[in-house]
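Below is the structure I would like to discuss, written out as structure tokens.
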Number of protein chains: 2
Amino acid sequence: MRADARDNRARIMTAADDVFGQSPSASTDDVARLAGVGIATVFRHFPTKTELLEAVLTLRLERLRDRALELAGSDDPGKAFFEFFTQVVSESASKLAIGEALTAAGAAAGEEARAAGRGMREAFNGLLTAAQRTGSVRSDAEMAEVYALMIGASRGATAAKLEPPVRDRMLALIYDGLAPHS
Amino acid sequence: MRADARDNRARIMTAADDVFGQSPSASTDDVARLAGVGIATVFRHFPTKTELLEAVLTLRLERLRDRALELAGSDDPGKAFFEFFTQVVSESASKLAIGEALTAAGAAAGEEARAAGRGMREAFNGLLTAAQRTGSVRSDAEMAEVYALMIGASRGATAAKLEPPVRDRMLALIYDGLAPHS
DNA sequence: GAATATATGGAGTAACGACTTCGTTTACAA
DNA sequence: TTGTAAACGAAGTCGTTACTCCATATATTC
């Protein structure tokens, strides 16, 4: 692959992440314009819009997985779990599409993105069970509902355009519910 | 207004509620087809697609407000609050657009829909403060974050296509967080 | 039951978005 | 440096969608 092609591919990915992060219904032309390339170049690298979206989504999921794996090395599993949870919610508040994207990952996405989604959820599950082992999170909470809660908080924060203080108080309520003994 | 016009208007509203409930990106033709009328008829009653969406949204918000007011008459405010919360989440799970709609209500909607949104939130606030007075909900929780939690749970449940048991366990976690003393 | 104002539906129009074509340019090898 | 395969961008095509026009039909009034 030629050097300029590789360069352009990267620039298109970056631009797409940005554009679709702000407006999931953005057009391919918008991406091309921000990337500083012609429309045809976008389509040469990603034959359909769906494939482009999927590539962006996969990248995001992989980054989240990496962050979870990194935190899994921490010596305070409880803190690590809540930090990850908070980060996911915060980021999705500023990037409108991540909730949309996370959703699509579980549902109607291509194999690559689905695999990335599975990887991310596995890493999240690792954080959760570690936090439960040290008694930071109630042990009767299962992965499915805790994950749903995280997605919900993300989408809720994004949708309602929450002020950060409100978002934090909402998270505090959630974390109280996740605490043991309550 | 002629009788057939009134009839058609009602049928269009019903059809629109149904169609947009299943797919927020549905076209006006879809609505017309389901309503059994021509496209022009839809546009005669609702000059733009936005106005049609707004009418549907307003109707939904008003129904929720009425339900909240009805529950406010109950003699068990705690039960009433949680019942309303659960109902909102359940319904939005089966009707994909309600979250989208509720969001739009707070944000970029016309005056009519915004007013309906305010009315609904006021009624919700009534349920909440009553439940707090009887000690069913912690008193340090403010309306803003509790409302955000409800929207989040709704959107999360819809987005993740939760099985009802998982949804119920997620709600149980939330309700634990809303309980006093925890 | 006839007159008429009002409503209706289907065939347009215009704009927009995904995707293609093709003549031009550019990176790399000899 | 030059030849060439690879990559590029601008201008298209095609399908979809919000919205309009107008000839026809129907409810209401007297």
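Every chain is numbered from 1 and lettered A, B, ... according to where its sequence line falls, protein lines coming before strand lines.
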field: Same cluster (ILVMFWY, side-chain, under 4.5 Å), A:Leu52 and A:Leu34
entry: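 Same cluster: A:Leu52 reaches A:Leu34 through Ile, Leu, Val, Met, Phe, Trp or Tyr contacts under 4.5 Å.
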
- request: Report the residues that fulfil ring-ring contact (aromatic ring centres under 6.0 Å, His included) with A:Phe46, sequence neighbours left out, ordered by chain and then residue number.
  value: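 None.
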
Length of the CG-P vector between A:Asp7 and D:dA7, whole Å: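 Rounded to whole Å, this separation is 13 Å.
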
query: What pairs meet the salt bridge (Lys or Arg N to Asp or Glu O under 4.0 Å) rule with one or both residues in residues 23-43 of chain B, with sequence neighbours excluded?
result: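 Residue pairs with at least one partner in residues 23-43 of chain B: B:Asp30-B:Arg33.
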
- prompt: With a cutoff of under 4.5 Å between side-chain heavy atoms, which Ile, Leu, Val, Met, Phe, Trp and Tyr residues group with A:Ile39?
  reply: A:Phe43

query: In chain order, what residues pass the side-chain hydrogen bond (donor to acceptor under 3.5 Å, both in side chains) check against B:Asp4, with sequence neighbours excluded?
result: B:Arg2

task: Assign a letter to each nucleotide of nucleotides 24-30 of chain C from its 5' end: B, base within under 4.0 Å of a protein heavy atom; S, sugar-phosphate only; -, no contact.
output: --BSS--

- prompt: OP1 or OP2 of C:dA18 less than 4.0 angstrom from a side-chain nitrogen or oxygen of A:Thr28, does that happen here?
  reply: yes

task: Take atom CZ of A:Arg9 and atom P of D:dA6, then tell me their distance rounded to the nearest Å.
output: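 Rounded to the whole Å, the gap is 18 Å.
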
task: Quickly work out the B:Asp30 CG to D:dT17 P distance and round it to whole Å.
output: 7 Å

task: Flag yes if A:Val88 and A:Val166 sit in one hydrophobic cluster, no otherwise; membership is Ile, Leu, Val, Met, Phe, Trp, Tyr, and two members link when side-chain heavy atoms are under 4.5 Å apart.
output: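 As far as the 4.5 Å side-chain criterion goes, A:Val166 and A:Val88 are connected within one cluster.
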
task: Quickly, which of A:Asp66, A:Asn125, A:Leu64 forms a side chain to side chain contact (heavy atoms under 4.5 Å, CB included) with A:Met120? Name it, please.
output: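 Among A:Asp66, A:Asn125, A:Leu64, the one that satisfies the side chain to side chain contact (heavy atoms under 4.5 Å, CB included) with A:Met120 is A:Leu64.
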
message: Without decimals, in angstroms, what is the distance between A:Asp29 CG and C:dC19 P?
response: 11 Å

query: For the pair made of CZ in A:Arg6 and C1' in D:dC8, what is the distance, rounded to whole Å?
result: 18 Å

field: DNA chain D-proximal residues of residues 37-54 of chain B, any heavy atom under 4.0 Å
entry: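 When residues 37-54 of chain B is checked for heavy atoms under 4.0 Å from DNA chain D, the hits, listed by number, are B:Ala40, B:Phe43, B:Thr48, B:Lys49.
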
message: For C:dA7 and B:Asn8 - does any side-chain N or O of the residue sit under 4.0 Å from the phosphate oxygens OP1/OP2?
response: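 For C:dA7, neither OP1 nor OP2 has a side-chain N or O of B:Asn8 closer than 4.0 Å.
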
message: Please check if the number of heavy atoms outside B:Glu163 that lie under 6.0 Å from its CD is greater than 12.
response: no

